[in-house]
2 protein chains.
Amino acid sequence: MAKGKSKKSKKKKQPGELCDRIAEALVVAEGFDLSQVDPASTPQLDGKEKDAVKLQEKSSDEVADLQERMYANKGTGPAILLVVQGMDTSGKGGIMRHVVGQVDPQGIHLTSFKAPTKEELSHPFLWRIRNALPASGMIGVFDRSHYEDVLIARVRNLVPPTTWKRRYSQINAFEQATTDRGIHIIKVMLHISPDEQARRLTERVSRPDKYWKYNPGDVDERALWPAYQEAYQVALTKCSTDVAPWYVVPADNKWYARFAVHHLLLRELRTLQLDWPPADFDPKVEKKRIAASLAEG
Amino acid sequence: MAKGKSKKSKKKKQPGELCDRIAEALVVAEGFDLSQVDPASTPQLDGKEKDAVKLQEKSSDEVADLQERMYANKGTGPAILLVVQGMDTSGKGGIMRHVVGQVDPQGIHLTSFKAPTKEELSHPFLWRIRNALPASGMIGVFDRSHYEDVLIARVRNLVPPTTWKRRYSQINAFEQATTDRGIHIIKVMLHISPDEQARRLTERVSRPDKYWKYNPGDVDERALWPAYQEAYQVALTKCSTDVAPWYVVPADNKWYARFAVHHLLLRELRTLQLDWPPADFDPKVEKKRIAASLAEG
């Protein structure tokens with residue numbers, strides 16, 4: 001095992017560094033200021049769209065292999081939770097299709113959180129989140145999440161300030177307990193500019209194959225842009241912890257956002273350093289049993 | 001709309017015929033005899049592996065497009081349910097990875113049915129199945145299904161004969177009601193030979209990266225091969241109906257099984273003849289609202 005690893009780490013040296021550089025560039029650390037992040041930037045990408053796509057393809061087999069190792073260790077091994085947040089049209093669906101979609105669907109547990117139902121509202125806000133956590137071996141993916149409870153809930157006054165104010169520490173405690181259980185959390189905010197949002201909304205009302213994605217209410221939300229940015233700033237800084245860091249991903253270029261989230265996922269999978277689980281049977285004995293059963297048949 | 005359709009059907013004439021020919025060749029119809037199906041055959045495929053892969057790739061964009069149309073019509077439109085059955089090692093997981101995995105994960109609802117839990121056993125056998133049916137707009141996928149209740153349950157005497165005997169008509173009534181609700185059912189049995197199974201089991205006990213897929217109990221099941229084939233024969237013929245036909249897919253060649261299931265799914269998606277849902281807003285008005293919101297910002 002040790003031998004295999006050292007060989008591997010040598011071979012994969014370059015992309016390994018890329019993952020780490022991307023994570024370092026995008027992580028929310030002390031002094032973070034959302035208004036200083038350029039949504040059109042492409043941190044740590046040496047090149048343009050075609051280079052991003054090429055680099056993503058280059059490690060897609062590795063993601064598949066590492067995901068299968070994690071899945072093979074189900075029952076006892078770790079899980080990953082990828083939380084995806086962002087303003088309307090920021091490209092959450094594209095991350096689901098083009099990053100999550102590269103992984104074996106058997107190993108994915110995807111949940112889209114909408115406005116809470118009456119039943120969900122009759123429970124604490126983390127109730128439906130807990131119910132959607134991935135089992136050991138799985139990659140859980142949240143399309144929106146418990147962060148809506150400190151974003152729209154705060155901006156739209158859905159609950160009194162005393163309620164949303166205490167949620168930040170409740171979220172941190174919950175995420176600490178979740179990682180203690182072996183669920184590794186990656187949180188990404190897809191960061192777009194208001195101009196890019198206008199462009200994407202205009203496209204949705206201009207193309208009959210995009211109408212279904214459009215909701216006139218999105219324009220009303222848009223009027224609250226500064227309030228949402230402020231709510232994000234607070235959530236990002238209060239809830240970016242060592243165990244569950246936030247990454248702000250510039251997302252005016254969809255291909256950059258996919259490239260970045262792909263590498264953040266790859267990095268987390270690598271960190272697990274998982275081996276295939278050992279046999280819980282004697283391979284020699286089983287080989288004979290199979291051969292014997294064939295002779296009978 | 002009518003114009004668009006006629007143009008399309010003209011352009012897609014060739015592959016459309018391929019889907020239909022595959023369905024016709026594999027469907028379980030009157031006089032069907034499982035023992036006469038050659039698991040190594042490749043019905044309606046003109047060529048070898050590379051041709052199958054090429055034909056599958058050729059229509060993968062069309063599957064994605066049609067699936068998105070179905071998803072866009074969620075709430076009011078139809079759903080699809082793909083039931084996948086087969087002996088151990090028949091390649092169910094490969095279908096999940098390589099056929100289901102081609103589709104946007106947001107539109108997939110995948111359920112793997114294991115031995116029923118205590119709670120599930122305290123309900124009628126179709127209870128857990130009903131709970132897993134896809135919502136409007138979704139592609140539901142069953143990895144094993146309610147058919148286990150007339151396969152292993154029958155072969156292993158898990159319930160008295162009077163119980164499993166009445167299940168065939170219960171299943172037919174359930175599937176009729178399910179299609180009445182707008183869920184289109186495709187049922188595929190991946191058909192392998194006992195020799196091919198021995199080869200695949202031997203691979204699993206020979207490669208450390210495959211150990212986790214191996215269960216010594218699979219060899220015990222293997223001893224019951226003829227009983228399983230008989231149980232399949234009965235289930236296939238009793239439950240292949242106009243509304244929910246069974247397809248037996250020769251699966252000794254994994255690439256053929258994927259090619260065939262891909263085309264059966266494509267065929268069902270085409271049958272729906274779905275258009276994008278109309279706008280429930282005035283595009284001109286919305287374009288102005290978006291532009292105005294941009295000017296404010």
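All values derive from a computational prediction rather than experimental measurement. Heavy-atom basis, side chains included; hydrogens, waters and symmetry copies ignored. Chain A is the first sequence line, chain B the second, and so forth, proteins listed ahead of strands; every chain is numbered from 1.
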What heavy-atom pair brings B/Val249 and B/Ala260 nearest, and what distance separates the two atoms?
->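 Distance-wise, the nearest heavy atoms are CG1-CB, 3.9 Å.
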Expected output: side-chain B/Ser59 to main-chain B/Glu62 donor-acceptor under 3.5 Å =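 Answer holds: no.
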With a 4.5 Å cut-off on heavy-atom pairs, point out which of B/Glu68, B/Glu286, B/Lys287 contacts chain A the most.
->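 Heavy-atom pair counts peak at B/Glu286.
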Most contacts with chain A, counted as non-hydrogen pairs under 4.5 angstrom, among B/Gly101, B/Ala72, B/Ala64 =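 Greatest number of close heavy-atom pairs with chain A: B/Ala72.
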Intermediate values then yes/no, side-chain contact (heavy atoms from CB on, under 4.5 Å), B/Asp88 and B/Gln197 | CA-CA 8 Å; B/Asp88 292 322; B/Gln197 188 189 54; 3.8 Å; yes
Does [X] pair with [Y] as a salt bridge, N-O distance under 4.0 Å?
| X | Y | value |
| --- | --- | --- |
| B/Asp104 | A/Arg97 | yes |
| B/Glu203 | B/Arg200 | no |
| B/Arg156 | B/Glu221 | yes |

Measuring heavy-atom distances to chain B, does [X] have an atom under 4.5 Å in its side chain, in its backbone, in both, or in neither?
| X | answer |
| --- | --- |
| A/Leu201 | both |
| A/Asp282 | neither |
| A/Ser112 | neither |

Count the heavy-atom pairs under 4.5 Å between each of A/Gly107, A/Pro105, A/Pro283 and chain B, then report the option with the highest count.
->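 Ranked by heavy-atom pairs under 4.5 Å with chain B, first place is A/Pro105.
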Which residues from residues 205-216 of chain B are near chain A, with near meaning under 4.5 Å between non-hydrogen atoms?
->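 Against chain A, the residues of residues 205-216 of chain B that fall inside the cut-off (heavy atoms, under 4.5 Å) are B/Val205, B/Ser206, B/Pro208, B/Asp209, B/Tyr211, B/Trp212, B/Lys213, B/Tyr214, B/Pro216.
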Heavy-atom distance under 4.5 Å to chain A: side chain of B/Lys284, backbone, both or neither?
->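 For B/Lys284, there is no contact with chain A at all, as no heavy atom is under 4.5 Å.
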Of the backbone (N, CA, C, O) and the side chain (C-beta and beyond), which part of B/Asn73 lies under 4.5 Å from a heavy atom of chain A, both, or neither?
->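 Looking at B/Asn73, nothing touches chain A.
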Distance-only side-chain donor-acceptor flag, A/Arg258 / A/Gln56, under 3.5 Å =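 No.
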